Chemist: 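After the structure tokens below, expect a handful of questions from me.
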Amino acid sequence: MAIQIVTDSTVQLTAEELATLPITVVPLIVRIGNQEYFNDGQDITNTEILTHLINDTELPKTSQPSIGQFLEVFDRLGQNGDSVLCLSLTHFLSGTVNAARQAADMSQPT
């Protein structure tokens with residue numbers, strides 16, 4: 001039995017770090033103007049978000065991952081009996097941790 005690490009995309013790890021570290025990232029949704037992106041390093045990178053923060057008059061907005069997104073990850077990672085440790089944004093800044101807690105309560109790895 002191992003410990004699987006899960007975090008949200010505010011973690012700011014580089015692509016190289018994510019490729020070498022055993023960490024699963026659940027992406028937040030980023031809204032820039034009328035466009036929505038999954039902050040997963042593919043739809044939009046942290047560098048691109050930072051560029052918008054610096055250059056745009058309207059700040060990007062974020063939305064927490066859904067309970068379902070966390071639930072799918074927790075069930076998948078726990079299917080071999082592994083424990084899951086989830087590190088996320090504080091509840092003072094986002095509902096992300098609450099979505100993760102609810103998903104953890106619902107998780108039933110197969």
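Because the structure is a prediction, the values reported are computed rather than measured. We count residues from 1, following the sequence as given.
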Chemist: In terms of hydrophobic clustering (I, L, V, M, F, W, Y; side-chain heavy atoms under 4.5 Å; direct or indirect links), are Val73 and Val84 co-clustered?
Modeler: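 Same hydrophobic cluster.
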Chemist: Can you list every pair that meets ring pair (Phe, Tyr, Trp, His ring centres under 6.0 Å) and has a residue in residues 39-78, with sequence neighbours left out?
Modeler: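 Qualifying pairs: Phe70-Phe74.
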Chemist: Linking Ile, Leu, Val, Met, Phe, Trp and Tyr by side-chain heavy atoms under 4.5 Å, what else ends up with Leu71?
Modeler: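 Ile67, Met106, all in the cluster of Leu71.
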Chemist: Rounded at 0.5 Å granularity, tell me how far CD1 in Ile49 sits from CD1 in Ile54.
Modeler: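 CD1 of Ile54 is found 12.0 Å from CD1 of Ile49.
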Chemist: How many angstroms lie between atom CG of Leu85 and atom CG of Leu77, to the nearest 0.5 angstrom?
Modeler: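 CG of Leu77 is found 11.5 Å from CG of Leu85.
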Chemist: Would you say the side-chain atoms of Asp8 pair up with the backbone N or O of Val26, donor to acceptor, closer than 3.5 Å?
Modeler: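 No.
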Chemist: Go through the structure and list residues passing salt bridge (charged side-chain N to carboxylate O under 4.0 Å, His left out) with Glu58, not counting sequence neighbours.
Modeler: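 Scan of Glu58 (salt bridge (charged side-chain N to carboxylate O under 4.0 Å, His left out), adjacent residues dropped) gives Lys61.
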Chemist: Please tell me if the side chains of Gln35 and Ile44 come closer than 4.5 Å, counting only heavy atoms from C-beta onward.
Modeler: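 Contact flag for Gln35/Ile44 side chains = no.
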Chemist: Should Val6 and Leu21 be counted in the same cluster of Ile, Leu, Val, Met, Phe, Trp and Tyr side chains packed under 4.5 Å apart?
Modeler: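 In one cluster: no.
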Chemist: Pairs under 3.5 angstrom only: tabulate donor-acceptor contacts from the side chains of residues 93-100 to other protein residues two or more places apart or in another chain.
Modeler:
unit_1: Ser94; atom_1: OG; unit_2: Thr96; atom_2: N; d: 3.0
unit_1: Ser94; atom_1: OG; unit_2: Thr96; atom_2: OG1; d: 2.6
unit_1: Asn98; atom_1: OD1; unit_2: Arg101; atom_2: NH1; d: 3.3

Chemist: Using every non-hydrogen atom in the two residues, find where Gln64 and Leu28 come nearest and quote the distance to one decimal.
Modeler: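 So the two residues come closest at CA-CG, 4.4 Å.
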Chemist: Could you check if a side-chain atom of Ile29 sits within less than 4.5 angstrom of a side-chain atom of Tyr37, using non-hydrogen atoms only?
Modeler: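 Ile29 vs Tyr37: side chains apart.
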Chemist: Under the salt bridge (charged side-chain N to carboxylate O under 4.0 Å, His left out) rule, collect the residues that match up with Glu17, sequence neighbours excluded.
Modeler: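 Partners of Glu17 by the salt bridge (charged side-chain N to carboxylate O under 4.0 Å, His left out) criterion come out as none, since no residue qualifies.
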Chemist: Judged by atom type as modelled, is there a donor-acceptor pair below 3.5 Å linking the side chain of Ser107 to the main-chain atoms of Ala103?
Modeler: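 Such a contact is absent between Ser107 side chain and Ala103 backbone.
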Chemist: Are Ile5 and Pro22 packed together at the side-chain level, in the sense that at least one heavy-atom pair is separated by less than 4.5 angstrom?
Modeler: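 The answer is no; the side chains never approach within 4.5 Å.
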Chemist: For the residue pair Val30 and Pro60, what are the closest heavy atoms and their distance?
Modeler: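 Scanning both residues completely, I find the closest heavy atoms to be CG1-CB, 4.1 Å.
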Chemist: Tell me, please, which residues at least two apart from Ala15 pass side-chain contact (heavy atoms from CB on, under 4.5 Å).
Modeler: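 Result, side-chain contact (heavy atoms from CB on, under 4.5 Å) vs Ala15: none returned.
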Chemist: Cluster question for you: counting only ILVMFWY and a side-chain heavy-atom cut-off of under 4.5 Å, with indirect links fine, are Ile3 and Met1 together?
Modeler: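 In one cluster: no.
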Chemist: Say whether Leu87 and Leu89 are linked into one hydrophobic cluster, either directly or through other cluster members, by side-chain heavy-atom distances under 4.5 angstrom.
Modeler: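 No, no single cluster joins them.
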